[in-house]
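A short write-up of the structure that comes next.
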Amino acid sequence: MHISDILNDNRVGLDVETRGWVYRSRESGKLIFMVIRDSTGIVQVVIEKDVVSPEEFSMAKKATIESSVEIEGRCFKEQKAVTGYEIHATKIKIYQIAENFPITKDKSDEFLLDIRHLWLRSREMTAVLKMRETVLDSIRGFMKEKGYHEVQPPMFVGGMVEGGSTLFEVPYFGEKAYLTQSSQFYLEAFMYSLENVYTISPSFRAEKSRTRRHVTEFTHYEAEAAWIGNQQMMDLEEEMVLFIIRNLLETNREELDIVKRDVSKLKAVEKPFYRYTYEKVIEIGREKGLQLSDAADLGEKEERTITEDFDKPIFVYNFPIQLKPFYHRPDPDDPTHVLNHDLLAPEGYGEVIGGGERTWKKEELIRRMKEENLNPEDYQWYVDLRSFGSVPHSGFGLGVDRLLTWLTGLDHINKVIPFPRTMRRLKP
RNA sequence: GCCGCUGUAGCUUAGUUGGUAGAGCACCCGGCUGUUAACCGGGAGGUCAUCGGUUCGAGCCCGAUCAGCGGCGCCA
């Protein structure tokens, strides 16, 4: 049985059997205290020399950290044991004596990345993996209830290039293919079929970024919905983020404790989120001492300064048109701005969502492309979508890993990704 | 890409004006019947990132190279 099933009063006095890996082991002459770990938790096992066979005892003494073991014994309540219960072993079977495990109490972030294939089994990473799962489950549950369909866009894409973007090039039967940077354009195609669609897929960016929130491969949650405007899309995102937080608090209190998250900060997040125009945010930045021009783009430092004192996420909407790509719809009431929004996480974490209304009229789309010196022919099929019953629509893209970094309160995106990929790290 | 910092045992690190490379953890051997990343005794483990230079003598000073980290920039 799993360790979590042992850690309760119902098992006290009963014989149990469990298996896992040696988490700690201390021996004291005729006594061995062995803490074992499985996917559900840790529990102390006491092995007494006079209770088990001499062979079992000497094997147990040799059991190193991470050795795989199976234990039979009786369960006791014991305050002195790490998790409050312990097993007095009557039988112990060793599957493999582990080689010298390289991770000890002294470890650097860098070293943990080098041996990530082993660090994955730590309590910290195990907790993160469980919380990741909760976030993804929450997204799927929420979107299903809202009538959205999950779709699978391609990861290999053709020569669609936006100016300034950085694509990974891969050989493709004598041609060049690229790894997708975003599935947005494909979601817009799916929209004409299913109306409300979303995907959770990897996106790839060949950016030579060296910041705590950039990686070259990340989990991208993107949605697109017909007949929806910018403000309505923000409503949906707000509800969705709250749903994820509630689920996480309900499902993963233990994991949040393991990563030392201050849960009061998460509990404080409630409706409504702040909603400020771009100009208002520039004003807030200036009040906090930032030197910002009227149409300054917000860098990481600016976002951190602006968001660090906030207790709830902030929507920033209607950016100056020159800051945003052609597919954002210009505001009909103010063509110098687009109907878009970013969602900035509080506590200094910054941008987690970018979204807004799409330019849906064919002529306007082509005009915007030309204004940005792009050739509409390079986007032939995307433009073609506007030729057959085009409709107003909106969408967004959320960086799952960035969201998780905020929710877990960790200081670097590479701590929430099992095998993070950066400019300088491709292994393990 | 630019700027800065760092590189000493498997890991985390100390190393004084340039003068015999030191510790903790992990590992091996021995001891201990209630340990909490135990404790006590012993042991093994080093091309001081690499290459070159200065010097009687370099972990330390100088130069180059490599690697990593941090910040900036970049950033559907």
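Chain A is the first sequence line, chain B the second, and so forth, proteins listed ahead of strands; every chain is numbered from 1.
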N or O in side chain of [X] less than 4.0 angstrom from [N] OP1/OP2:
{"X": "A:His412", "N": "B:rG70", "result": "yes"}
{"X": "A:Ser209", "N": "B:rC74", "result": "no"}
{"X": "A:Arg212", "N": "B:rG71", "result": "yes"}

Expressed as a whole number of Å, how far does the [atom1] atom of [N] sit from that of [M]?
{"N": "B:rA58", "M": "B:rA44", "atom1": "P", "result": "27 Å"}
{"N": "B:rU20", "M": "B:rG59", "atom1": "P", "result": "10 Å"}
{"N": "B:rC66", "M": "B:rU50", "atom1": "C1'", "result": "7 Å"}
{"N": "B:rC48", "M": "B:rC60", "atom1": "P", "result": "10 Å"}
{"N": "B:rU6", "M": "B:rC75", "atom1": "P", "result": "31 Å"}
{"N": "B:rG53", "M": "B:rA9", "atom1": "C1'", "result": "28 Å"}
{"N": "B:rU12", "M": "B:rU55", "atom1": "P", "result": "37 Å"}

Quiz item: In terms of the angle between their ring planes, are A:Phe185 and A:Tyr382 parallel, tilted or perpendicular, with boundaries placed at 30° and 60°?
Solution: parallel
With heavy atoms under 4.0 Å as the rule, sort [X] into base, sugar-phosphate or nothing.
{"X": "A:Asp50", "value": "base"}
{"X": "A:Arg205", "value": "sugar-phosphate"}
{"X": "A:Glu110", "value": "sugar-phosphate"}
{"X": "A:Glu351", "value": "nothing"}
{"X": "A:Ser108", "value": "sugar-phosphate"}

Judged by atom type as modelled, is there a donor-acceptor pair below 3.5 Å linking the side chain of [X] to the main-chain atoms of [Y]?
{"X": "A:Arg205", "Y": "A:Gln181", "value": "yes"}
{"X": "A:Arg132", "Y": "A:Val416", "value": "yes"}
{"X": "A:Thr422", "Y": "A:Arg425", "value": "yes"}

Quiz item: Which pair of heavy atoms, one from A:Val16 and one from A:Arg11, lies closest together, and at what distance?
Solution: CG1-CD, 4.3 Å
